Number of protein chains: 2
Amino acid sequence: MAEALGPAQMRTYFALTEAVSLLQYAVRQQLQAEGDLSYVQFEVLATLADADRPLTMTELADGVVYSRSGLTHQAGLLEKAGLITRTASPHDQRATVVDITRAGRRRVEKVLPGHIEVVRDLLYGALSDSDVQTLGDLMSRVRDHMRDRPPRSAASRKQHNPLQ
Amino acid sequence: MAEALGPAQMRTYFALTEAVSLLQYAVRQQLQAEGDLSYVQFEVLATLADADRPLTMTELADGVVYSRSGLTHQAGLLEKAGLITRTASPHDQRATVVDITRAGRRRVEKVLPGHIEVVRDLLYGALSDSDVQTLGDLMSRVRDHMRDRPPRSAASRKQHNPLQ
DNA sequence: TATTGTTATACTCTATAACTATA
DNA sequence: TATAGTTATAGAGTATAACAATA
């Protein structure tokens with residue numbers, strides 16, 4: 001059933017893994033050093049800034065693949081830092097509505113240039129425009145395919161599946 | 001200095017990020033569920049199995065980008081689980097030589113098929129052979145470029161750099 | 001003096017389970 | 001009964017700094 005990967009598949013998997021690992025490490029360093037933010041915290045702030053309207057915790061969790069308690073914890077930290085607010089939703093009293101503050105937006109703006117610089121230098125430093133296009137096409141297809149998968153083939157066998 | 005990324009660059013970055021995030025999540029689930037291993041522990045075991053000779057802690061750390069104390073901690077866990085051994089090197093009394101045990105090899109063998117299955121299904125399920133080749137070429141170039149970089153442009157500015 | 005590795009420690013992230021409250 | 005979210009708690013991963021031993 002499970003057959004070995006071919007040499008090209010191995011090579012691609014390893015290259016992808018190592019490159020992304022290096023990129024993630026650099027990005028995390030930058031966010032921490034310049035904005036005192038973990039990657040997840042940055043994702044939450046960026047999601048809110050991008051949405052340009054308050055989001056519920058559930059909406060946020062959808063974008064940030066995460067356990068709910070984990071998101072609650074991160075939201076608590078961000079709120080304590082004054083970067084977001086949490087208020088009860090008027091429409092559904094169960095829901096919590098999360099909004100980004102001006103300080104939150106400033107923090108994103110403070111961190112974004114460095115973030116972009118890291119990505120441009122590391123990820124795109126060795127790629128032409130058409131390479132970027134090609135890579136985007138490939139990874140978009142991969143991403144769409146993964147989204148469509150029954151959550152996790154291997155994990156669900158063991159009914160050990162926290163999400164979904 | 002830091003200019004915005006173009007639309008194609010944004011799209012590619014997000015696609016890459018999300019796809020890899022989904023893949024990592026699935027891989028971690030699988031390794032944990034089927035082998036009770038974290039990803040880093042799997043990397044250590046796989047590195048040792050692949051090297052086919054004992055490695056020093058330093059050699060291991062080179063392959064697994066990691067703080068030394070973190071590697072010591074993981075090695076302690078793997079040793080306690082009977083998957084590796086640590087002994088003083090005869091050549092250099094400072095060095096610790098790490099070897100994989102038969103149980104360690106069995107554990108890798110136990111986990112590998114499921115690991116491969118996840119990668120094949122998720123990463124390669126939507127790619128043709130030539131796509132795999134193309135992706136491998138691109139990511140190999142990206143990886144090589146990243147390896148050659150002064151450790152982390154952003155981080156080193158803040159002299160906050162744990163590696164190198 | 002520089003290097004190898006460990007220890008002690010502390011902090012962050014993430015998850016589970018139990019819980020409250022609303023729908 | 002199901003859903004939204006929080007709390008309490010615990011465990012895993014990672015890092016820093018101080019340290020011992022060897023080169």
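Here the structure is a predicted model, which means the values were calculated and not measured. Residue numbers begin at 1 in each chain, while the letters A, B, ... track the order of the sequences.
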Which whole-number value in Å describes the distance from Arg68(B) CZ to dA17(D) C1'?
-> 13 Å

Between C1' of dG5(C) and NE2 of His73(B), the distance in whole Å = 15 Å

Rounded to whole Å, CG of Leu71(A) lies from C1' of dT7(D) at a distance of 15 Å

Can you run down the side-chain hydrogen bond (donor to acceptor under 3.5 Å, both in side chains) pairs that involve residues 92-103 of chain B, sequence neighbours left out, and say none if there aren't any?
-> Asp92(B)-Arg94(B)

Tell me what Arg28(B) touches on the nucleic acid: a base, only sugar-phosphate, or nothing, going by heavy atoms under 4.0 Å.
-> nothing

side-chain contact (heavy atoms from CB on, under 4.5 Å) assessment of Gln30(B) paired with Val111(B) | CA-CA 8 Å; Gln30(B) 184 269 325; Val111(B) 162; 4.0 Å; yes

Rounded to whole angstroms, how far apart are OH on Tyr39(B) and P on dT14(C)?
-> 17 Å

Of all the choices, dT14(C), dT6(D), dT6(C), which nucleotide is nearest to the side chain of Gln74(A) once you look at every atom?
-> dT14(C)

Spacing between Asp36(A) atom CG and dC13(C) atom P, to the nearest angstrom = 10 Å

Ion pair present between Arg147(B) and Asp144(B), side-chain N to carboxylate O less than 4.0 angstrom?
-> yes

Rounded distance in Å - CD (Gln32(B)) to P (dG11(D)) = 14 Å

When the distance from CD of Gln41(B) to P of dG11(D) is rounded to whole Å, what number comes out?
-> 16 Å

Between dT12(C) atom C1' and Leu31(A) atom CG, what is the distance in whole Å?
-> 15 Å

For Met57(B) and for Ser38(A), locate the closest nucleotide of DNA chain C by heavy-atom distance; then report the residue assigned to the nucleotide nearer the 5' terminus.
-> Met57(B)

Side chain to side chain contact (heavy atoms under 4.5 Å, CB included) test vs Phe42(B) passes for just one of Leu112(B), Thr47(B), Val27(B), namely Leu112(B)

Base-contact (B) and sugar-phosphate-only (S) positions in nucleotides 17-23 of chain C, heavy-atom cut-off under 4.0 Å, - elsewhere | -----BS

How is Ser89(B) classified with respect to the nucleic acid when contacts are heavy atoms under 4.0 Å: base, sugar-phosphate, or nothing?
-> nothing

Are Asp131(B) and Ser128(B) linked by a side-chain donor-acceptor pair shorter than 3.5 Å?
-> yes

Side-chain donor or acceptor of Tyr124(B) paired with backbone N/O of Tyr13(A) under 3.5 Å = yes

Sole candidate of Arg28(A), Arg107(A), Lys110(A), His115(A) that passes side chain to side chain contact (heavy atoms under 4.5 Å, CB included) when paired with Leu37(A) = Arg107(A)

Would you indicate what Thr72(A) reaches in the nucleic acid, counting non-hydrogen atoms under 4.0 angstrom: base, sugar-phosphate, or nothing?
-> base

